[in-house]
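Right, one structure below, let's go through it.
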Amino acid sequence: MDLTNKVAVVTGGAMGNGLGIVTSLLKANARVYILDYSEELKKTIKELKKEYSNVSGYIVDIRDKKMLDEIVKDIMKEQKKIDILVNNAGVAKLETFAKMSDEIRDFHFDINIKGTWNVTKAFLPYIKKSKAGRIINLSSVTGPMVADVGEVAYATTKAALIGFTKALAMELVDNNILVNAILPGYIMTPMVEGIAKETNSKNPSEVIESIRLGIPLKRLGTIEELGNLVLFLASDECSYITGQTIVIDGGSTLPETNSVGV
Ligand SMILES: NC(=O)c1ccc[n+]([C@@H]2O[C@H](COP(=O)([O-])OP(=O)(O)OC[C@H]3O[C@@H](n4cnc5c(N)ncnc54)[C@H](O)[C@@H]3O)[C@@H](O)[C@H]2O)c1
């Protein structure tokens, strides 16, 4: 798959899934802009620049609409259109519904839902200038399909992104912009390390091991595997899929029971 002359914006690309996505797009020759609120982005850009010249980054919180507008203006000084937007930035903090403060709830809603909304709104006029625009939203199997204890806020936001994806896909068919959502199961990233620590601070690796054993493929996914799926959805080879939810989970949502079988 070749993305020469394609311009991509990826949120949350400083680490984890976002970094896997950015690397896949760069390998396919896209021009990539990363938006991330972590200072880690500076290190990531420095590392990526060793191999790729067509990457740059902006430190920005996707809750900050004003700064997003400034960044859009800046990018559009050197580009005529945006072809690919990957709404990947997201957060997850475990807490039961009974104990969850409104602040933690809003932390999820403001970043996972409104942040995705803000970035899409800011870039959409320029994605419309592309001949084959693509918007790819990182949802999750958590929410639309499954959930564990402590995930009410996170699950709510990830399910919301399905509605966002489908309704937006309908609105943008006339612009030839395909809008799809990816639903990952467990991919090994700093977010998953954080969830493991929140679950068992003394022995987070035990949590990861237990997650691994529950997945039919007996391993967590890699950021490269996630990146490859985004690459396909972003490419011209993907031309007849829109408004869909694509699961990448090593079969984790597949088992009906853990006890039946011969
Ligand atoms: N890792 C998984 O197993 C998994 C599973 C399902 C869905 N996802 C989704 O994939 C996406 C990436 O997850 P990850 O595991 O790589 O997470 P991560 O925490 O490892 O990385 C997230 C990145 O997003 C950035 N970010 C977070 N909030 C931001 C904000 N307000 N503004 C700008 N940047 C922000 C962080 O700085 C970080 O670089 C998320 O949307 C997550 O919900 C992950």
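Every number for a ligand or one of its atoms is a count from 1 in the order of the listing. Values below: every heavy atom of this structure, side chains too, minus hydrogens, waters and symmetry copies.
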(message) Looking only at protein heavy atoms, which one is nearest to atom 27 (C) of ligand 1, and what is the separation?
(response) Y37 CE1, 3.5 Å
(request) Considering the heavy atoms of D61, write down every atom of ligand 1 situated less than 4.0 Å from one of them. (result) 30 (C), 31 (N), 32 (N)
(message) If you measure every N or O of R63 against every N or O of ligand 1, does any of those distances drop under 3.5 Å?
(response) no
(message) If you measure every N or O of V192 against every N or O of ligand 1, does any of those distances drop under 3.5 Å?
(response) no
(message) Is it the case that the side chains of T165 and N137 hold a donor-acceptor pair, with the cut-off being a distance below 3.5 Å and no angle test?
(response) yes
(message) Regarding D36 and Y58, do their side chains bring together a donor and an acceptor under 3.5 Å, going by distance alone?
(response) no
(message) I'd like to know if D102 and R105 make a salt bridge, using a cut-off of under 4.0 Å between side-chain N and carboxylate O.
(response) yes
(message) How close do F123 and I82 get, counting heavy atoms only, and between which atoms?
(response) CD2-CG1, 4.0 Å
(message) Measuring from non-hydrogen atoms of T11 to any atom of ligand 1, is the shortest distance under 4.0 Å?
(response) no
(message) Minimum heavy-atom separation for P144 and I162, please, with both atom names.
(response) CG-CG1, 3.7 Å
(request) With heavy atoms of G185 as the reference, note each atom of ligand 1 found under 4.0 Å away. (result) 2 (C), 3 (O), 4 (C), 5 (C), 6 (C)
(message) Can you report which non-hydrogen protein atom sits closest to atom 17 (O) of ligand 1, along with the distance?
(response) M191 CB, 3.3 Å
(request) Spell out, as yes or no, whether a donor-acceptor pair under 3.5 Å connects the side chain of N17 to the backbone of I223. (result) no
(request) Report yes or no: does a heavy atom of K158 sit under 4.0 Å from some atom of ligand 1? (result) yes
(request) Could you please spell out the steps behind the side-chain contact (heavy atoms from CB on, under 4.5 Å) verdict for S235 and L3? (result) CA-CA 7 Å; S235 71; L3 300 181; 4.3 Å; yes
(request) Give a yes or no on whether a salt bridge exists between D236 and K6, defined as a side-chain N under 4.0 angstrom from a carboxylate O. (result) yes
(message) Distance check, rounded to the nearest 0.5 Å: E40 atom CD versus E47 atom CD?
(response) 10.5 Å
(message) Less than 6.0 angstrom from the centroid, inside 45 degrees of the normal: does R31 satisfy that with respect to the ring of Y33?
(response) yes
(message) Just to confirm my output: which protein heavy-atom neighbour is closest to atom 32 (N) of ligand 1, and how far is it?
(response) I62 N, 3.0 Å
(request) Tell me, please: is L183 in heavy-atom contact with ligand 1, that is, under 4.0 Å? (result) no
(request) Select the closest option to atom 2 (C) of ligand 1 among I187, D110, D36, judged by heavy-atom distance. (result) I187
(request) Measure the spacing between CD of E70 and NZ of K73 and express it to the nearest 0.5 Å. (result) 4.5 Å
(message) Quick test: of every protein heavy atom, which one is nearest to atom 22 (C) of ligand 1, and how far off is it to 0.1 Å?
(response) G90 O, 4.0 Å
(request) Report yes if S140 has an N/O atom closer than 3.5 Å to an N/O atom of ligand 1; otherwise report no. (result) no
(request) Do me a favour and list the nearest non-hydrogen protein atom to atom 23 (C) of ligand 1 with residue, atom name and distance? (result) G12 O, 3.5 Å
(request) For atom 7 (C) of ligand 1, grab the closest protein heavy atom and report residue, atom and distance to one decimal in Å. (result) S139 O, 3.2 Å
(message) I'd like to check which ligand 1 atoms, numbered from 1 as shown, lie under 4.0 Å from a non-hydrogen atom of V91.
(response) 27 (C), 28 (N)
(request) Tell me which part of A92 gets within contact of ligand 1: side chain, backbone, both or neither, using heavy atoms under 4.0 Å. (result) neither
(request) Tell me which part of N88 gets within contact of ligand 1: side chain, backbone, both or neither, using heavy atoms under 4.0 Å. (result) both
(request) Before accepting this row, confirm whether a basic side-chain N of the pair K66/D64 lies closer than 4.0 Å to the acidic partner's carboxylate O. (result) no
(request) Using a strict 4.0 Å cut-off to heavy atoms of P190, name the atoms of ligand 1 that fall inside it. (result) 20 (O)
(request) With heavy atoms of Y186 as the reference, note each atom of ligand 1 found under 4.0 Å away. (result) 3 (O)
(request) Identify the protein heavy atom lying closest to atom 21 (O) of ligand 1, giving its residue, its atom name and the separation to 0.1 Å. (result) M15 CG, 3.7 Å
(message) Show me which atoms of ligand 1 lie under 4.0 Å from any heavy atom of P184.
(response) 5 (C), 6 (C), 7 (C)
(message) Give me the residue, atom name and distance of the protein heavy atom closest to atom 44 (C) of ligand 1.
(response) N17 ND2, 3.3 Å
(request) Check ligand 1 against V60 and write out every atom of the ligand that is under 4.0 Å from a heavy-atom position of the residue. (result) 32 (N), 33 (C)
(message) Geometry only, no angles: is G18 polar-contacting ligand 1 at N/O separations under 3.5 Å?
(response) no
(request) Establish, from distance only, whether the side-chain atoms of T222 and E225 form a donor-acceptor pair under 3.5 Å. (result) yes
(request) Would you check if there is a donor-acceptor pair between the side chains of N87 and T116 at a distance under 3.5 Å? (result) no
(request) Specify the closest pair of heavy atoms between D83 and I127, including all atoms of both residues, with the distance to one decimal. (result) O-CG2, 4.4 Å
(message) Check for me whether G13 has a heavy atom closer than 4.0 Å to any atom of ligand 1.
(response) no
(request) Run the numbers on T156 and H108 for side-chain contact (heavy atoms from CB on, under 4.5 Å), then give the verdict. (result) CA-CA 9 Å; T156 302; H108 290 86; over 6 Å; no
(message) Out of all atoms in ligand 1, which are within 4.0 Å of some heavy atom of G16? Include the element for each.
(response) 16 (O)
